[in-house]
Amino acid sequence: ETEVEQLQRLLAGMEKDHRDLLARMESGQAELERLRKAEGERAAQQERSSQLEKEVAGLREKIHHLDDMLKSQQRKVRQMIEQLQNSKSVIQAKDAAIQELKERVSYLEAENLEMHDRIEHLIEKQVSRGGSSTRARSKSEYVSR
């Protein structure tokens, strides 16, 4: 009977150990699952982080390219503005020269009219004197010379 009792106690202890080991095993499996899930999340986060780093690098490259294009366009605009200002200066100089020539033409036309008037006056004087050696010339003859 003592042997049977010892065996029963041993059996009860073994059953208790079995239950304890099962509980520990389940606890360990739950912890392992939690760690695997956390590791999976970390891997997903690392993958997402890597993807975002690639996107950032691509965007930086695009920004650099756009900056270069912008600087190039700004240079072109400055050159166009400079050309426009130079053209305006040339146009102003030519306008001034044209205005000066117009004034000279007006002056010469006035001088020409005055000369015509003087010639007419001289012709009239000669005709009224009746000079035989001088012949009267028409206004068109003087103008053509």
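Because the structure is a prediction, the values reported are computed rather than measured.
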Derivation and outcome, side-chain contact (heavy atoms from CB on, under 4.5 Å), residues Arg78 and Glu82:
CA-CA 6 Å; Arg78 279 194 299 272; Glu82 195 174 300; over 6 Å; no
The test is salt bridge (charged side-chain N to carboxylate O under 4.0 Å, His left out); show your working for Arg9 and Glu5 and say whether it passes.
CA-CA 6 Å; Arg9 268 192 307 216; Glu5 283 178 12; 5.5 Å; no
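Annotation: side chain of Met14 is not in contact with side chain of His18 (no heavy-atom distance under 4.5 Å). Looking at heavy atoms from C-beta onward, Asp67 lies in side-chain contact with Ile63 at the 4.5 angstrom threshold.
With side-chain heavy atoms closer than 4.5 Å counting as contact, directly or through intermediates, the hydrophobic cluster containing Leu22 also holds Met25. Other members of the hydrophobic cluster containing Ile81, listed by chain and number, are Val77; membership follows side-chain contacts under 4.5 Å among ILVMFWY residues, whether direct or relayed.
Expressed to the nearest 0.5 Å, how far CZ of Arg129 lies from CD of Glu124 amounts to 12.5 Å. Within the model, atoms CG of Asp117 and CG of Leu122 stand 11.0 Å from one another, a figure rounded to the nearest 0.5 Å. We find the NZ-CD1 distance between Lys94 and Ile91 to be 8.5 Å, quoted to the nearest 0.5 Å. For the atom pair CE (Met80) and CD (Gln73), the distance works out to 9.5 Å, reported to the nearest 0.5 Å. To the nearest 0.5 Å, atoms CG (Leu66) and CG (Leu59) are separated by 10.5 Å.
Residues satisfying the side chain to side chain contact (heavy atoms under 4.5 Å, CB included) test with Lys16, not counting sequence neighbours, are Arg19, Asp20. With sequence neighbours left out, the side chain to side chain donor-acceptor pair (under 3.5 Å) criterion links Arg60 to no other residue.
Although no hydrogens or angles enter the test, the distance criterion places no donor-acceptor pair under 3.5 Å between the side chain of Ser72 and the main chain of Asp68.
Evaluation of the side-chain hydrogen bond (donor to acceptor under 3.5 Å, both in side chains) test over residues 23-46, restricted to residues two or more places apart or in two chains, returns Glu31-Arg34.
Arg48 and Gln51 share a side-chain donor-acceptor pair at under 3.5 Å.
Ile123 and Met115 fall into different hydrophobic clusters, where Ile, Leu, Val, Met, Phe, Trp and Tyr are joined by side-chain heavy atoms under 4.5 Å apart, directly or via other members.
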I'd like a table of donor-acceptor pairs (distance under 3.5 Å, sequence neighbours excluded) in which one partner is a side-chain atom from residues 97-110, with atom names and distances.
| unit_1 | atom_1 | unit_2 | atom_2 | d |
| --- | --- | --- | --- | --- |
| Ser106 | OG | Lys102 | O | 3.1 |
| Tyr107 | OH | Glu111 | OE2 | 2.9 |

